[in-house]
Structure formats: C-alpha cells, structure tokens
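Naming convention: chains lettered A, B, ... in sequence-line order (proteins, then strands); numbering from 1 in each chain. Only a predicted model underlies this, so the values are computations on that prediction, with no experimental measurement involved.
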2 protein chains.
Amino acid sequence: MTETTTPRLRPPAPAGLSEQARQFLDAETPFTSHEPPDDPLDTEGWLRYVEAANEALLQVLSERLPTALPELERERRTINGVPTFVLRPGHVPDEADTPLFLDIHGGALVLGGGEACAVTATGAALMRKAITWAVDYRMPPLHPYPAALNDCLAVYRAALKERPPERIVVSGGSAGGNLAAALLLRARDEGLPMPAVLVLLTPEVDLTESGDSFRTNLGIDHQLGSLIEVNRLYADGHDLSHPYLSPLFAELAGLPPTYLQTGTRDLFLSNTVRMHRKLRAAGVEAELHVGEAMPHGGFGGNTPEDLELAAELHGFIERHL
Amino acid sequence: MTETTTPRLRPPAPAGLSEQARQFLDAETPFTSHEPPDDPLDTEGWLRYVEAANEALLQVLSERLPTALPELERERRTINGVPTFVLRPGHVPDEADTPLFLDIHGGALVLGGGEACAVTATGAALMRKAITWAVDYRMPPLHPYPAALNDCLAVYRAALKERPPERIVVSGGSAGGNLAAALLLRARDEGLPMPAVLVLLTPEVDLTESGDSFRTNLGIDHQLGSLIEVNRLYADGHDLSHPYLSPLFAELAGLPPTYLQTGTRDLFLSNTVRMHRKLRAAGVEAELHVGEAMPHGGFGGNTPEDLELAAELHGFIERHL
C-alpha cells in the first residue's frame with residue numbers, strides 16, 4: 001500500500017503490564033550479537049554460530065530457572081537411538097500411569113540442543129505432575145530435514161510402548177511447535193494413535209513465513225526476525241510448504257485436542273491464529289490464548305503474565321488427561 | 001524505545017487470504033472523508049458530523065446485505081421507553097422459547113443509530129434462528145453517558161419478562177461490545193440474572209485506549225484510528241476508566257459464557273485479548289477467536305473468513321442455549 005504512517009518504532013511497554021513484563025519488553029534482546037553466516041554451505045561457519053549462540057542461550061535459560069531448584073531426577077538416556085533427557089520432579093511418582101510429556105525444544109531448528117535442551121525442559125518439567133522426555137534431536141548444518149522429525153517420531157514410538165496414548169502429551173514451542181505438529185501428522189499418516197493433547201506454544205508452523213505478522217510485527221517483536229535462511233538450511237532442498245515442514249498447510253483432521261498460545265507482539269502471531277482456525281475448521285478441539293503485548297516466547301517465563309498462561313495450559317491438560 | 005525500523009507502511013494483504021478479503025484489505029476505508037469537530041462543545045457540528053457519517057455508513061451497510069433479502073419481519077417498537085427494531089426471519093417461529101438476541105450496534109458511541117441500527121442488525125438477524133431486538137439507544141452529543149447504558153438496561157429488563165434468561169443472548173460489536181459488557185455488569189450489580197451468552201465482537205472495552213495495539217496496529221488497521229475524543233464526548237466528564245465505561249477494568253466474576261472475536265490487524269486486538277484473559281482469570285468461560293490479518297469489524301461480512309467466524313460464533317451459541 002502507498003499509505004505511510006509514523007516510522008515503525010517499537011513502542012514502549014504498555015502500562016497495563018506487570019513491572020517485570022515491562023522490564024523484559026523494554027530491554028534489548030540478548031541474541032542480536034550472534035549472526036548466522038550468509039552462505040548455507042559454510043558448514044564450519046554454521047557450527048561456530050550454533051556453538052556461540054547456544055552458549056548465550058544457555059546463559060539466559062539458566063538465569064530463568066529458580067535459584068533453589070526443587071528436587072529433580074535428571075537422566076540422559078538414548079531412546080530408540082535418540083539422545084533424550086528424562087526429567088522427573090521429586091514429588092512425581094514413577095508409575096505406569098504417570099503422564100508422559102514429550103517436550104520438543106525450540107531454537108529455530110538449529111539451536112537449543114544439548115545442555116540448552118535439558119535446561120529449557122527443566123523449567124517446564126518442574127511445573128508438571130508428569131515425567132518429561134526432552135528430545136535432543138539432530139539439527140543442521142550436519143543433520144537437515146528429516147533428521148529432527150525422524151528423531152521425534154522414534155521417541156514418540158518409544159513413548160507409546162511405555163504409556164497408553166491418552167497418558168501422553170506432545171508439546172513444543174517455536175521450532176519445537178513445528179516438530180510437535182509435524183510429528184503428529186506423520187504419526188497419524190503412519191497409523192499411530194494420537195496423544196491426549198498437543199501443545200503448540202507460538203509455533204513455527206509455516207516455514208515459508210507467509211503470515212501477516214511476519215510483516216506487521218517485524219521490529220515490534222524484539223525477540224525474533226525472519227528465519228527464512230535457517231528454514232532453507234533445515235529444509236535442505238525440500239519444499240518449505242510441504243506439510244511435514246510447514247504443518248499449517250497440512251490436512252489437520254484427526255489431530256488431538258490442541259492448546260495454542262501466542263502474543264499480540266509475536267512475530268508468530270499469524271502462525272498461531274491461522275493454525276487455530278485451521279484446526280477448528282478441521283473439527284479439532286483447539287483453544288487459543290493470546291498474551292497482551294507478549295513477544296515471541298513470552299516475557300521470560302516468570303512474570304505474572306507468563307505464569308497465568310502456564311496455569312491456563314495446565315488446566316487445559318488436566319481437563320484432557 | 002529508541003529502536004527505529006522501516007517506516008510504518010500498511011503492508012499489502014497476505015496471499016493466504018481469500019480474494020474477497022484481500023480486496024477489502026487493500027481498499028481504502030470509506031469513512032476517512034468525515035471528521036468530527038475538534039470542539040466537544042460544538043453540538044451543531046457534532047450533529048452535522050453524525051448525520052453525514054451515518055449516511056455514508058448506511059450506504060456501506062446496505063451494500064453488504066444480500067441483494068435478494070430473505071423474508072424478514074421488521075417492526076420498530078418502543079420497548080420500556082426505548083426505540084428498538086424487532087427482527088424475525090420468516091422461518092423462525094414467534095414462540096415463547098424462541099431465543100431472543102439483544103443486539104447492540106457499534107459506531108464509536110455516536111454513530112450507527114436509526115436506520116443504520118436496523119440495517120446492521122438485519123445481516124446478523126438473518127443468520128440466527130432467533131428473534132433480534134436491535135436497541136436504537138440514545139447517543140452524544142445530545143445524550144451522553146449514561147443514557148445509552150440506561151436504554152440497554154431498560155430493554156434487557158423487558159427481555160427478561162419475555163424469556164427465561166437462558167434463552168437470551170446479549171451481543172455487541174465495537175462500541176456495542178462496550179455497552180453489552182457494561183450492561184451485564186450493571187445487570188449483575190443490580191441483581192438481575194445473566195443471559196445464556198455474551199458476544200463481544202472486537203469490543204471497545206477500554207475507553208482509555210491503554211492497550212498495546214492502539215499503538216502497534218495504528219495505521220495497520222485501515223478501519224479505525226484513536227477514538228479518544230469521541231470517548232470523552234460520550235463520558236461527559238465521567239472517569240473513562242470507570243467499569244461501566246471501560247468494562248475491561250471491572251471485576252468480571254459472574255458474567256456468562258462469553259465469545260470474543262478480533263483480528264491480528266484490529267486496533268482493538270489488545271482490548272479483546274485482555275478482556276479474554278481477564279474473563280478467564282475471573283473464572284468465566286470465555287473463548288477467543290482471531291482472524292488472520294483481519295482489521296476492526298472484519299472483512300465486510302461476506303468473505304469466507306467472515307463466514308467461517310460467523311459459523312464459529314453460531315456453534316458457540318448453539319452449545320450454550
């Protein structure tokens with residue numbers, strides 16, 4: 001359009017937010033200093049980028065954990081050939097009907113592996129009356145699509161041997177939301193049963209980035225910019241709009257009850273609301289929750305706004321397990 | 001924040017929308033040529049503005065109606081002293097348990113009265129298996145707060161004499177959402193029973209305009225800019241943040257199941273998602289639906305996207321009546 005308005009400033013945090021959320025929103029993002037290489041074939045450069053960005057990520061994630069960690073059993077186990085962190089809070093019994101969460105980490109499909117995977121999962125695992133399996137799936141530059149998806153599916157198959165499907169939750173945020181949705185599409189297509197619940201937190205369900213918020217929230221969301229170059233690295237020549245790469249474009253009938261969460265400043269706002277509408281149109285029970293002024297990934301996890309949404313998610317899962 | 005980015009252009013409609021929705025989004029809004037007077041005391045100027053803007057509004061609304069109107073009984077009746085349009089589609093029986101919709105029109109609390117009220121309600125009434133009462137409430141400049149709210153309450157009291165509350169739906173869009181919510185707060189506070197459902201379509205629940213989308217979506221939503229001057233005219237010296245003027249700031253416990261709808265480009269996106277969160281936090285059953293790239297008020301009412309959301313609303317009401 002030719003209509004020009006005021007320059008696209010990121011406005012200050014609105015006054016209605018908590019003090020903590022406002023501080024988070026008005027701060028600079030910690031990841032801006034690491035830039036991926038321009039050349040997708042520069043494998044060494046990508047590996048250096050991943051290492052440096054992961055270190056910064058791990059630092060941020062570690063700071064978000066409670067200083068006095070409650071008792072948590074943590075084990076790195078190889079499940080169906082895939083390295084997985086198994087996490088169990090001290091108060092959760094290790095019994096045959098204890099719910100099992102498959103937790104698929106975010107990180108733009110290149111970051112968040114290894115120790116970052118375990119630390120991401122720890123915060124969530126501590127809030128659950130469940131055992132968490134955090135899948136440390138393979139990623140580019142060494143392992144592009146479909147390695148990550150194959151790993152998630154292998155671990156889901158193992159979960160189905162440990163629990164009836166109605167005691168399993170599959171959960172993913174950001175890139176993990178891409179894999180969580182794609183995993184269930186593949187599981188459905190291969191005749192596997194669906195879990196009780198699918199959780200999609202600001203999910204990267206469209207690697208083509210065709211949603212409106214990729215433009216309207218660019219610069220407004222200070223956590224995230226376009227990931228299209230990384231998406232191409234992940235896709236490794238496959239069509240970005242293939243349903244297993246962009247689950248938004250899949251036939252979604254048959255997916256389990258789904259909880260979706262995003263924020264008004266989220267670069268993935270359109271991803272999330274479009275997925276919600278498509279799930280509803282396919283007859284899937286799907287619930288949408290949107291945080292005011294919330295950027296991609298929330299306000300750091302510990303603000304009243306984050307915790308209120310975590311309670312909402314907890315309630316949704318309780319109603320469906 | 002000091003961060004500057006690209007100029008705030010309204011981006012072209014995303015390709016994922018229907019052709020009709022994209023045409024609506026890329027067109028200019030029809031209301032830009034009418035500007036309210038600067039002086040709130042210029043009553044004659046306001047009356048001239050209201051007349052001219054209403055004429056333009058009526059034109060647009062009339063064009064949105066089906067060319068071959070299905071049979072519809074329409075009567076202008078004075079209910080408890082308040083002029084009200086009573087609308088009944090030909091296929092809907094006039095029986096004691098036929099659901100009754102209280103329809104509260106939008107128009108920034110100054111527009112949309114008279115014939116525009118009837119025409120707005122006609123489109124919705126035709127989609128309902130119900131009788132619609134469209135309240136032609138009084139407005140500024142001659143009748144500021146609390147005239148409109150008093151009118152709505154008077155009609156709601158009359159509705160409670162015609163139907164058990166569980167056969168009544170209260171529905172409002174934009175400014176009508178303000179009045180619909182405020183009406184139920186007053187009804188609750190005065191000990192009246194709640195209806196089966198409250199419908200809030202992109203509701204103006206915060207006359208102080210404190211939500212983030214009043215800045216982030218300014219210029220992105222081509223249907224609406226700040227209404228703060230009109231809000232002051234309506235408030236007539238009352239505090240804009242009083243719960244009966246800005247229901248977002250009310251204690252919301254006790255409200256009935258509520259359907260909320262907005263769009264990612266909506267200037268009232270924050271109004272809607274904040275109201276949803278506050279309703280949920282107050283223990284009210286509330287469901288949120290967000291249209292991709294949808295501006296304030298939708299894409300004109302007849303696009304696949306509008307109709308899909310209308311079906312969603314219909315389903316919500318059916319489940320609760």
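Contact record, A13(B) with R215(A): C-NH2, 4.4 Å, taken as the closest heavy-atom pair. Nearest heavy atom pair, residue A281(A) against residue E308(B), reads CB-OE2, 4.3 Å. Here the shortest heavy-atom pairing between P14(A) and D212(B) reads CD-OD1, 3.5 Å.
Interface check for chain B: of the options A293(A), G211(A), A311(A), G291(A), the most heavy-atom pairs under 4.5 Å are formed by A293(A). When each of R280(A), R265(A), E305(A) is scored by its heavy-atom pairs under 4.5 Å with chain B, the top score falls to R280(A). The most heavy-atom pairs under 4.5 Å with chain B, out of H276(A), R274(A), E287(A), R277(A), come from R277(A).
Contact of the T262(A) side chain with the T264(B) side chain is not registered, since no non-hydrogen atoms from C-beta on lie closer than 4.5 Å.
L288(B) contributes atom CG, which lies 11.0 Å from atom CG of L260(A) (distance to the nearest 0.5 angstrom). Here the CD-CG distance, from E292(A) to N271(B), works out to 9.0 Å after rounding to the nearest 0.5 Å.
Looking at S270(A), the atoms closer than 4.5 Å to chain B (heavy atoms on both sides) sit in the backbone and in the side chain alike.
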